[in-house]
Number of protein chains: 2
Amino acid sequence: MRSVEELIERVRGQGGKATSQRILIWSALKGDVSHPTAEDLYVRLKPRLPSLSLATLYNVLNELVEWGEIRRFDTGDGRIHFDPDTSGHSELVCMRCHRVIDAPTDAVPRRHVPERVAGYRIISHSEQYFGYCPDCQRALEPASTREE
Amino acid sequence: MRSVEELIERVRGQGGKATSQRILIWSALKGDVSHPTAEDLYVRLKPRLPSLSLATLYNVLNELVEWGEIRRFDTGDGRIHFDPDTSGHSELVCMRCHRVIDAPTDAVPRRHVPERVAGYRIISHSEQYFGYCPDCQRALEPASTREE
DNA sequence: TTCTTTGCAAATCGTTTGCAGCATG
DNA sequence: CATGCTGCAAACGATTTGCAAAGAA
């Protein structure tokens, strides 16, 4: 995701407006590594701009996704998660508690994200490994059934 | 995804039943390369087993996902897509028409899907490249604005 | 002033759930 | 015949939509 200043230029350049809502949301996202849902961001930002509505938040998030500034992905918990990190990395997602962390790049090498593949113009890349986190493995395996 | 015979053994082995619904759905999925949604499968299978309900279909699909026999992923169109191909490959997803195709493996090398990463036990892997397909690029770019 | 964007509330709709009846083992 | 599974219909809940009012440029 680019800097807030660059995003202001971009939106003005296409006849759009740098509203306080957009700037607030952009600032909150920049550098966020928590893979938040729309709801997560809403409860975090509402106190700072009480008039903020969820609908606006969704508008701005979807816009950023279309611009390729952030990524959206599904963890299987029914909500969409967002990530301003658009480098070719992967997430580890727990199928039980839905915890999400970035995969260590030494275990899963980064992808180079090409601009074109098979005639498609590529805007963003998303990669997840689904499984069970250490805590949930322990919770699921009775002590005697421990595998490996 | 394993063969229907192997799945029958598996479900019986854990005290489950090889119902006609499960076998029908498993057979339909095996070898399917269309990345269907639950609804897609429903309209395809309903004529062959008119009593089939969407709820059962979701039950069976979710079960297969938990077993690691199929993958589920989101294309941004609001429905969940399923894929019996669990090899470490990628999909190309059009952000406009939501068409999905498998990425050619010469352009995007397959991933080896490890059993463990950072303490997580890995069940499945999912990777997508989002962008615009050739048709939608044409539709979006007025002839004079053609880029590249 | 003009035109984009916001906020509200209602609508949407894919997916899940509860439970009585059914079919498998 | 015991139990897991199915089908129905209702519930759910995240996201989207329509439109009048607000506020950038």
Side-chain angles (χ1 to χ4, degrees), chain A residues 4-5 7-26 35-43 45-67 70 72-82 95-96 98, chain B residues 4-5 7-26 28 35-67 70 72-82 95-96 98:
Chain A
V4 173
E5 291 69 33
L7 293 175
I8 291 174
E9 278 182 49
R10 149 148 214 177
V11 75
R12 288 204 175 126
Q14 60 181 45
K17 297 174 179 179
T19 63
S20 53
Q21 291 83 346
R22 277 192 175 127
I23 291 175
L24 176 71
I25 296 166
W26 295 345
H35 312 92
T37 63
E39 185 69 25
D40 291 336
L41 289 165
Y42 186 66
V43 301
L45 299 180
K46 185 76 173 172
R48 266 194 268 173
L49 185 63
S51 71
L52 182 66
S53 73
L54 251 180
T56 297
L57 184 49
Y58 276 109
N59 284 342
V60 174
L61 289 170
N62 288 337
E63 183 175 74
L64 288 171
V65 170
E66 277 162 32
W67 295 350
I70 64 175
R72 43 183 296 168
F73 64 94
D74 174 34
T75 68
D77 66 353
R79 315 96 171 285
I80 298 171
H81 292 249
F82 298 89
M95 296 171 76
R96 182 166 176 267
H98 298 107
Chain B
V4 173
E5 291 69 33
L7 292 175
I8 291 174
E9 278 182 48
R10 149 148 214 176
V11 75
R12 288 203 176 127
Q14 59 182 43
K17 296 174 180 178
T19 62
S20 53
Q21 292 82 349
R22 277 192 175 128
I23 292 175
L24 176 71
I25 297 166
W26 295 345
H35 312 93
T37 63
E39 185 69 25
D40 292 337
L41 288 166
Y42 186 65
V43 301
R44 194 188 308 166
L45 299 181
K46 185 74 173 172
R48 265 193 267 172
L49 184 64
S51 71
L52 182 66
S53 72
L54 250 181
T56 296
L57 184 48
Y58 276 108
N59 284 342
V60 175
L61 289 169
N62 288 336
E63 181 175 74
L64 288 171
V65 170
E66 277 161 33
W67 295 349
I70 63 175
R72 43 184 295 169
F73 65 93
D74 174 35
T75 67
D77 66 353
R79 314 97 171 284
I80 298 171
H81 293 249
F82 298 88
M95 297 171 74
R96 181 165 176 268
H98 299 107

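Basis for what follows: all heavy atoms, side chains included, without hydrogens, waters or symmetry-related copies. To find a chain, count down the sequence lines: A is the first, B the second, and so on, and within it residues start at 1.
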- Message: Quick one, Arg22(A) and Thr56(A) - any side-chain contact, counting heavy atoms below 4.5 Å?
- Response: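 Of all side-chain heavy-atom pairs linking Thr56(A) with Arg22(A), none is under 4.5 Å.
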- Item | Within-4.5 Å side-chain heavy-atom neighbours: Gln21(A) and Ser53(A) |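 Side chain of Gln21(A) against side chain of Ser53(A), heavy atoms only: no contact under 4.5 Å found.
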Residue [X], side-chain atoms from C-beta onward, closest of [options]:
X: Arg22(A); options: dT6(C), dA25(D), dT16(C); value: dT6(C)
X: Asn59(B); options: dT6(D), dT15(C), dT15(D); value: dT6(D)
X: Arg12(A); options: dG7(C), dA25(D), dT16(C); value: dA25(D)
X: Tyr58(A); options: dA14(D), dA25(D), dT6(D); value: dA14(D)
X: Lys17(B); options: dG14(C), dC5(D), dA24(D); value: dC5(D)

Quick one: [X] [atom1] to [N] [atom2], roughly how many Å, whole number?
X: Glu66(B); N: dT16(C); atom1: CD; atom2: P; value: 10 Å
X: Tyr42(A); N: dG13(D); atom1: OH; atom2: C1'; value: 16 Å
X: Arg72(B); N: dG14(C); atom1: CZ; atom2: C1'; value: 11 Å
X: Asn62(A); N: dT6(C); atom1: CG; atom2: P; value: 12 Å
X: Gln14(A); N: dT5(C); atom1: CD; atom2: P; value: 8 Å
X: Glu63(A); N: dT5(C); atom1: CD; atom2: C1'; value: 9 Å
X: Asp77(A); N: dG14(C); atom1: CG; atom2: C1'; value: 15 Å
X: Ile8(A); N: dT4(C); atom1: CD1; atom2: P; value: 19 Å

- Task: Hey, which sits more toward the 5' end of DNA chain C by its nearest nucleotide, Ala18(B) or Thr37(B)?
- Result: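 Its nearest nucleotide being more 5', the pick is Thr37(B).
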Give a yes/no answer on whether the side chain of [X] brings an N or O atom under 4.0 Å of OP1 or OP2 in [N].
X: Arg79(B); N: dT15(C); value: no
X: Ser53(B); N: dC8(D); value: no
X: Ser51(A); N: dG7(C); value: yes
X: Thr19(A); N: dT5(C); value: no
X: Gln21(B); N: dG7(D); value: yes

- On DNA chain D, nearest-nucleotide positions of His81(A) versus Leu52(B): which is more 5'?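 Upstream on the strand: Leu52(B).
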- Calculate, to the nearest 0.5 Å, the distance between atoms CG and CD1 belonging to Leu64(A) and Ile70(A) respectively.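 The CG atom of Leu64(A) sits 4.5 Å away from the CD1 atom of Ile70(A).
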- Under 3.5 Å side-chain donor-acceptor pair for Asp40(B) and Thr37(B):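 Yes, a side-chain donor-acceptor pair sits under 3.5 Å.
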- Report yes or no: does Lys46(B) contribute a side-chain atom to a donor-acceptor pair with the main-chain N or O of Leu52(B) at less than 3.5 Å?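 Looks like yes, one N/O pair under 3.5 Å.
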